[in-house]
Protein chains: 2
Amino acid sequence: MSTMSDVAERAGVSLSTVSYVLSGKRAISEPTRQRVLAAIDELDFHPNELGRALASQRSNTIALLFPALTRGIGELHLEFVTSAAESAAKHGYSFLLSISPDEDEEAVRLARRGFTDGLILMEIKLQDARAELLRHRRFPFAMIGHREDNDGISFVDVDFVHAAREALRYLASLGHRRVAFLGASDQLMAVGYGPAVRSLAGFTQAIAEFGVEGTWHPCDASPRAAYAVVEELLRKSPEVTALVTAHHEASGGMMQAARELGRRIPADLSVVAMTSPRQAETFTPLLTTMDFPAAEMGRLGAELVIRQLETEGGEAEPIHRLLRAELTVRQSSGPAPGRR
Amino acid sequence: MSTMSDVAERAGVSLSTVSYVLSGKRAISEPTRQRVLAAIDELDFHPNELGRALASQRSNTIALLFPALTRGIGELHLEFVTSAAESAAKHGYSFLLSISPDEDEEAVRLARRGFTDGLILMEIKLQDARAELLRHRRFPFAMIGHREDNDGISFVDVDFVHAAREALRYLASLGHRRVAFLGASDQLMAVGYGPAVRSLAGFTQAIAEFGVEGTWHPCDASPRAAYAVVEELLRKSPEVTALVTAHHEASGGMMQAARELGRRIPADLSVVAMTSPRQAETFTPLLTTMDFPAAEMGRLGAELVIRQLETEGGEAEPIHRLLRAELTVRQSSGPAPGRR
DNA sequence: CTGTTAGCGCATTCAT
DNA sequence: ATGAATGCGCTAACAG
């Protein structure tokens, strides 16, 4: 591995000249430039980024704190991660994926390590502690999700209140009067996980607004859990004609239960799932979904941090982006059974 | 951010003493030790890892080159990535996820950047060029997957020849005489993607060995593609009673096609999917699967690199691990329809 | 336009 | 058992 001194020596110039040729931060005469470039080429020199990072106090790396809360739960996570990583790469940043049981501590650790310029947080709670810690240290970060108080913080999120309402509006318009919602587990609700709390809020608003009778069913994001919940709810309340689920990962178990109870989808039971477009296509039967722009969220998450890093003074004004999930009818549910 | 000099000054010792207290690489008298530790505590000092990395020539970071070949295709990737990252963290390493359209170049770039101590490669081709490049530079790496020539390289992989054979053996034992295999796309086959080539080999061996008639159907790993392939194949060859698919991501489209042609699973059509246990549970109906130990592969991938990094001399003898996928019958397929 | 020099934060060798 | 000094590879201020 050759270093800048090697190049300097070979080109017969000083170390700093080589550095400036590389960075372009000061004018270099064309002949010198060429000699330096030739030397770089001959030695197959590539700058050591550790040295650069230490000297410039910038690592050109951003990190994503991967969720412990709902970890590994589904393909949505993959979409966030890869699109954030891709976006980072596109902007010339390396992408660190950080996994730790204790997220609060890990956030702080990353912030002071020196290896990371900025952070992306996901699985945000209403009173997320990590955000406080980082803000206090004035460490650049952005959130995929949002808190109750987002002063001075950039974020991108899906509007869950809206998504839940639109799902209910759609079902109400088909004539359904009795709807069940497979929502977040009690545990997620208890820690104030944003999507959990907000979809419940949207659901509550919606049943009043659209005059349907709706029940909320906490449920883990697993096929087994969904199977159990749906099985019990259809047995106890056979008058339910429509299901909304926040757990796309659970749709398998859901449909299994419905079928075993003799309900056909969509003939006897309408289902709306909240998920990403990619994931939606893998279901059988094709479901009506509220599609999350997962890839865009990952991309924006990265861009929001990078934007701060590249704003002089480090005080870019925060951007709040609340995206809307789009209702996609893949296979017509037809009117509610009771209305046929 | 306080530095080691700050600590040294505060404790009234030299810089190197602080360093040695931290590393434990030479004996320190208890009183001095305590003074240093106190100073560290009072200043809330945490070593800057960039400085450490530059001085010690070790970044304590490993990177995973995320596949461009079959990118983002499914949950299997998420399992590899998260379990590798988790394993890295457990061993005290940071985890860099690298995404680049040109993987060969990216591998080399990572190798010389100085930011990364070792690399995990996945989506390995029979003649994978990245492996050659890295081996040539004597840069530590391990593979999830394996090449034709694996001299001196550590890897973990699933035995795809075996998996394909076991799937066929199972179906043959149920009495199926006419089996179709949804295999890798022609493109993957053409580039010599390991799992593609090897599952075809296993399939070919198996039809001879078990005396069944089998047809191979190249197919993209998407629900749409699978739908089209299955639709055509069941139409043209209605005598097919069993399907094996290498594309768990495609099962939705597959089943949709089967149902539209009036085939019920498993009554009229047996299906065996090659996938991870986690993913297997999300299917409806529950399928018989060849389960990949996805999490273990990710974990081992990380451990194999780390093992090399932590072997003195850097020349750990290579480890080759060929894991077996396990047949899991989740819902009995019953005998072949023709035999009922 | 170019060279010299002083760090960045830490590890480590050489002294004592 | 401890301190002083050097260097990892590079950036950037300072000096001409």
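Numbers restart at 1 for each chain; the letters A, B, ... are given by sequence-line order, proteins then strands. The figures here come from the full heavy-atom set of this structure, side chains too, leaving out hydrogens, waters and symmetry mates. Quick caveat, the model's predicted, so the values are computed rather than measured.
- Ion pair A/Arg35/A/Glu30 not flagged as a salt bridge, since none of the NZ, NE, NH1 or NH2 atoms sits closer than 4.0 Å to an Asp/Glu carboxylate oxygen.
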- Message: Let's go through A/Ser19 and A/Met4 carefully: what are the C-alpha distance in whole Å and the side-chain angles of both, what is the deciding distance for side chain to side chain contact (heavy atoms under 4.5 Å, CB included) to 0.1 Å, and is it a yes or a no?
- Response: CA-CA 8 Å; A/Ser19 173; A/Met4 266 181 46; 3.4 Å; yes
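- Closest non-hydrogen pair, A/Ile120 versus A/Ala84, comes out as CD1-CB, 4.3 Å.
- Residues of residues 9-22 of chain B having a heavy atom closer than 4.0 Å to DNA chain C, listed by number: B/Ser16, B/Ser19, B/Tyr20.
- For the 3.5 Å distance criterion, the side chains of A/Ser154 and A/Arg321 fail to qualify, holding no donor opposite an acceptor.
- Atom CG of B/Asn60 and atom P of C/dG9 are 19 Å apart (whole Å).
- Between B/Phe155 and B/His146, the ring planes lie parallel to each other; the angle is under 30°, not in the 30° to 60° tilted range.
- Comment: A/Glu132 engages A/Arg147 in a salt bridge, judged by a side-chain N to carboxylate O separation of less than 4.0 angstrom.
- In terms of polar N and O atoms assigned as donor or acceptor, the side chain of A/Arg26 comes within less than 3.5 Å of the base of C/dG3 in a complementary pairing.
- With a 4.5 Å cut-off on side-chain heavy atoms, A/Glu317 and A/Arg307 count as touching.
- Straight-line distance from the CE atom of B/Met4 to the P atom of C/dG7: 18 Å, rounded to whole Å.
- Residues of residues 51-59 of chain A that place a heavy atom closer than 4.0 Å to DNA chain C, in numerical order, are A/Leu54, A/Ala55, A/Gln57.
- If you measure from atom CD1 of B/Ile28 to atom P of D/dG3, you get 9 Å, rounded to the nearest angstrom.
- The bend of the helix from C/dC1-D/dG16 to C/dT16-D/dA1, defined by the angle between the axes of its first five and last five pairs, stands at 50° to the nearest 10°.
- Ring pair B/His77/B/Phe66 is perpendicular by interplanar angle, where above 60° counts as perpendicular and below 30° as parallel.
- In this model, the phosphate group of C/dC8 is not approached by any side-chain N or O of B/Thr3 to a distance below 4.0 Å at OP1 or OP2.
- Distance CG (A/Leu50) to P (D/dT11): 12 Å, rounded to an integer number of Å.
- For A/Ser5, no side-chain nitrogen or oxygen approaches OP1 or OP2 of D/dG9 to under 4.0 Å.
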- Steps toward side chain to side chain contact (heavy atoms under 4.5 Å, CB included) verdict (B/Val7, B/Val13): CA-CA 8 Å; B/Val7 174; B/Val13 298; over 6 Å; no
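- Contact annotation: A/Lys25 reaches the phosphate of D/dA12 (side-chain N/O to OP1 or OP2, under 4.0 Å).
- The interatomic distance linking B/Glu30 (CD) with D/dT2 (C1') rounds to 15 Å, in whole Å.
- Side-chain contact between B/Asp157 and B/Leu323 is absent, with no heavy-atom pair separated by less than 4.5 Å.
- Taking only side-chain nitrogens and oxygens, B/Ser23 never comes nearer than 4.0 Å to OP1 or OP2 of C/dA11.
- Residues B/Asp102 and B/Arg109 are not paired through a salt bridge, judged by the lack of any N-O separation under 4.0 Å between the basic side chain and the carboxylate.
- Atom CG in B/Asn48 sits about 8 Å away from atom C1' in C/dC8, given to the nearest Å.
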